[in-house]
Structure formats: C-alpha cells, structure tokens
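Okay, so here's the structure we're looking at.
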Amino acid sequence: MQRRTLACPVSAAVSRRRARRRSSAALLAAALAVLAAPRAESAAAPPDDRASREEGDGRPPPVGTELFSAGVDLEVAGRTLSYTDLLSENLRTYEVLGVPMPSVRGELYPLARSALPVLRDLGVALSYARAVGLDSEGVGGASVSTSWSRLHAGLRGRFRPAGQGGPVLFATGGLCWIDFDVEPTGDPSRDAASVSYVTLRLGVDGRLPVGPVALEAGAGYQAPLSMGALASHFREPSAGGVDLRLAVAVPFAPGLEARAGASYTRFFYDFNSEPEDAFIAGGALDQLFGVHLGVAYHGY
C-alpha cells in the first residue's frame, strides 16, 4: 500500500497565509507612519517657529522689548531769549524761528535677549542734533555766523506695567549739552545770547498704544552744571531747566514707524544784580522749541 504525502500543498498554504500577514502588517505600519509624521514635524520645529505660528499674524514683537532702536528726524526749531526786570539798556532780547535742525538718535539694550528680569530692560540712549544755515543779526544788520547743536547721552530703563503690547514707561538719567554760539561782535547786547549748557537731566517718558498708532509723552528736569556767556554777564547767577515732548508714532512696515512730534525746553535764570553792575536784570528766560518729522527702526 502506497502512502500519499501532503507536505508540499500544506507548506504552500502556510506560506501564503504568512505572506498575507506580512502584507497587512506593512500596510498598518505605513498608515501609522503617515499619521505620526505631522506630530514629529511639529515637535522638531524650533521654539521660535512654534511661537511665531501661534501668533499667526506675522507682526514683530511690541515696542518696549527691542534690542535696539535708531531714528532720524528733521526738526524745525526756534529760540527766544528775554529778560525780566531789565534795568540796563545794554542788553537786548534774541529770537530766531524756522531753523532746520537734522537729528539722529539711538537706544541699545545689550541684555534684551536674556532672561534677566531687570538688566534686560536697562540700556543706553544717545541723540545728536545740529542746526544748518543759521545766522544772527550783528551790528548794523550784518549777518553773523551762529551755530546751534544739542547732544544727550545717558542710561535708560523701561517698564511694562501691563505686559507686552501695553503701555511702556521709561526713566532716563544722563548729561545734556546744548551749545548756541554767536560769533563775537564786540557788542555785549548781542554776544550775551551765546550759551553753552551742560546739564544733568532726569526724565520720565511713556508710550501708549492706541489702535494702530502709539502716543508718546515725556518730561524732564535739567540741572545746569555750566551755562556759558549769558550767565557770565551777571552777579551770582543761578538757573534751572525743564523740558516737555509729545509725539505720535505710526507703524508702516515691520520694525519701521513714521514719527511726528514737538518739544519744548525752558531755562530760567535768577540774577542777584546790584545798581553798580554793568548789566542789571532780575532774571532771564531762555526757551528752545521745535516740531519734527522722522522715521525710526526697532530691531529685535
């Protein structure tokens, strides 16, 4: 009696079942890989990219968190000098208006990108302005060369009481140099208009976002360390100064904004004149003012 073997058919059937299992497992693995890919891509993305996508509007960070800022302005400036209780006839008032005065300014916060809660908002500020095409009237109506420049350098701190995107408060302390020099004419009534202020300035500023624009305002006190030719004509002069400014900023591109504003600085003098003095006045009022247009850039 012969026996028939079924080894080959059974082996072929088992192989087919195993192949079907491997094919199903491969399809399942491919499907799981497709589903897991977006999560892996999101997890691998840098933190900054995730943050920018969460913002979703493409806007730069708010002003008050920048690493640095820089700006240029064209100011139209003026100055008036007058005396109080003027008893001598050898002094005269001074006035000039409509003087073009380009200026540059900048701020730098070296640790702005750090996590240090106070030092990241401590920086330095610098600004410089100089008048162009300025002349004064000399003896007989002759034109006299006149220069006018302004420099400020100091420390600047910022504080955001309502967090990012809200109002920003600034405190500033530093030195100011204001030089107004009229070429000597030999006439004290005209030469007395020259001043050279070196002052210690303490000030506060604020920036308030209002819809698409921002409003700015600031004030400061200036304690003169030196005053120049004007004070030298009087006995025991003393002086003080205050300044105010207003501005509006309108963003028009990432990091860029157009600016317009006005500024006012007032120095007030007190003189201890005696009847025998060559120049007799109770005091003086020196006012410097201007309006400006410009552009600023905030770098992050």
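All heavy atoms count here, side chains included; hydrogens, waters and symmetry mates do not.
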Nearest 0.5 angstrom please: [X] [atom1] to [Y] [atom2], how far?
X: I178; Y: T265; atom1: CD1; atom2: OG1; value: 5.5 Å
X: E75; Y: F289; atom1: CD; atom2: CZ; value: 10.5 Å
X: E216; Y: F170; atom1: CD; atom2: CZ; value: 7.0 Å
X: L116; Y: L122; atom1: CG; atom2: CG; value: 11.0 Å
X: N272; Y: R235; atom1: CG; atom2: CZ; value: 7.0 Å
X: S127; Y: L151; atom1: OG; atom2: CG; value: 6.5 Å

Take C176 and R150 through the side chain to side chain contact (heavy atoms under 4.5 Å, CB included) test and state the conclusion after the steps.
CA-CA 7 Å; C176 286; R150 182 179 66 238; over 6 Å; no
Checking side chain to side chain contact (heavy atoms under 4.5 Å, CB included) for the pair F252/V250: CA distance, chi angles, key distance, verdict?
CA-CA 6 Å; F252 64 91; V250 182; 5.8 Å; no
Is there a side-chain contact between [X] and [Y] (heavy atoms, below 4.5 Å)?
X: F268; Y: D270; answer: no
X: Y300; Y: T65; answer: yes
X: L91; Y: F279; answer: yes
X: V96; Y: V99; answer: yes
X: L81; Y: F180; answer: no
X: R245; Y: D205; answer: yes
X: D181; Y: W148; answer: no
X: L175; Y: L200; answer: yes

What are the two closest heavy atoms between [X] and [Y], and how far apart are they?
X: A284; Y: T84; result: N-OG1, 4.1 Å
X: A278; Y: S88; result: O-CB, 4.1 Å
X: L202; Y: G173; result: CD2-CA, 3.9 Å
X: E95; Y: L97; result: OE2-CD1, 4.0 Å
X: G123; Y: P110; result: CA-CD, 4.3 Å
X: V295; Y: R105; result: O-NH2, 4.3 Å

Hydrophobic clusters here meaning ILVMFWY residues chained together by side-chain heavy-atom distances under 4.5 Å, can you tell me if [X] and [Y] are in one?
X: L74; Y: M101; result: no
X: L111; Y: V63; result: no
X: L126; Y: L108; result: yes
X: L208; Y: L246; result: no
X: V198; Y: L155; result: yes

Can we say E257 and R207 salt-bridge, meaning some charged N sits less than 4.0 Å from an Asp/Glu carboxylate O?
yes
R266/D286 salt bridge by N-O under 4.0 Å criterion:
no
Spell out, as yes or no, whether a donor-acceptor pair under 3.5 Å connects the side chain of T146 to the backbone of V144.
yes
Between D121 and V118 (side chain of the first, backbone of the second, donor and acceptor by atom type, cut-off under 3.5 Å), is there such a pair?
no
Is a donor from one side chain sitting under 3.5 angstrom from an acceptor on the other, for [X] and [Y]?
X: Y197; Y: D179; answer: no
X: T172; Y: R156; answer: yes
X: E66; Y: Y109; answer: no

Parallel under 30°, tilted from 30 to 60°, perpendicular over 60°: which one fits the rings of Y297 and F68?
tilted
Give a yes or no on whether E89 atom CD has more than 12 heavy-atom contacts from other residues, nucleotides or ligands under 6.0 Å away.
no
Does the ring pair (Phe, Tyr, Trp, His ring centres under 6.0 Å) test come out yes or no for Y269 and F271, once each step is laid out?
CA-CA 7 Å; Y269 288 82; F271 304 134; 5.7 Å; yes
So Y83 and Y94, ring pair (Phe, Tyr, Trp, His ring centres under 6.0 Å) or not? Walk me through it.
CA-CA 10 Å; Y83 298 91; Y94 183 92; over 10 Å; no
Under the salt bridge (Lys or Arg N to Asp or Glu O under 4.0 Å) criterion, do E107 and R158 qualify, and how do the steps go?
CA-CA 11 Å; E107 296 178 15; R158 60 192 180 190; 5.9 Å; no
Applying side chain to side chain contact (heavy atoms under 4.5 Å, CB included), run through M227 and F267 and close with a yes or a no.
CA-CA 10 Å; M227 295 170 279; F267 289 99; over 6 Å; no
Step-by-step side chain to side chain contact (heavy atoms under 4.5 Å, CB included) determination, R79 to V195
CA-CA 12 Å; R79 181 195 180 205; V195 295; 3.6 Å; yes
Tracing side-chain links under 4.5 Å among I, L, V, M, F, W and Y, which residues wind up in one group with I280?
L87
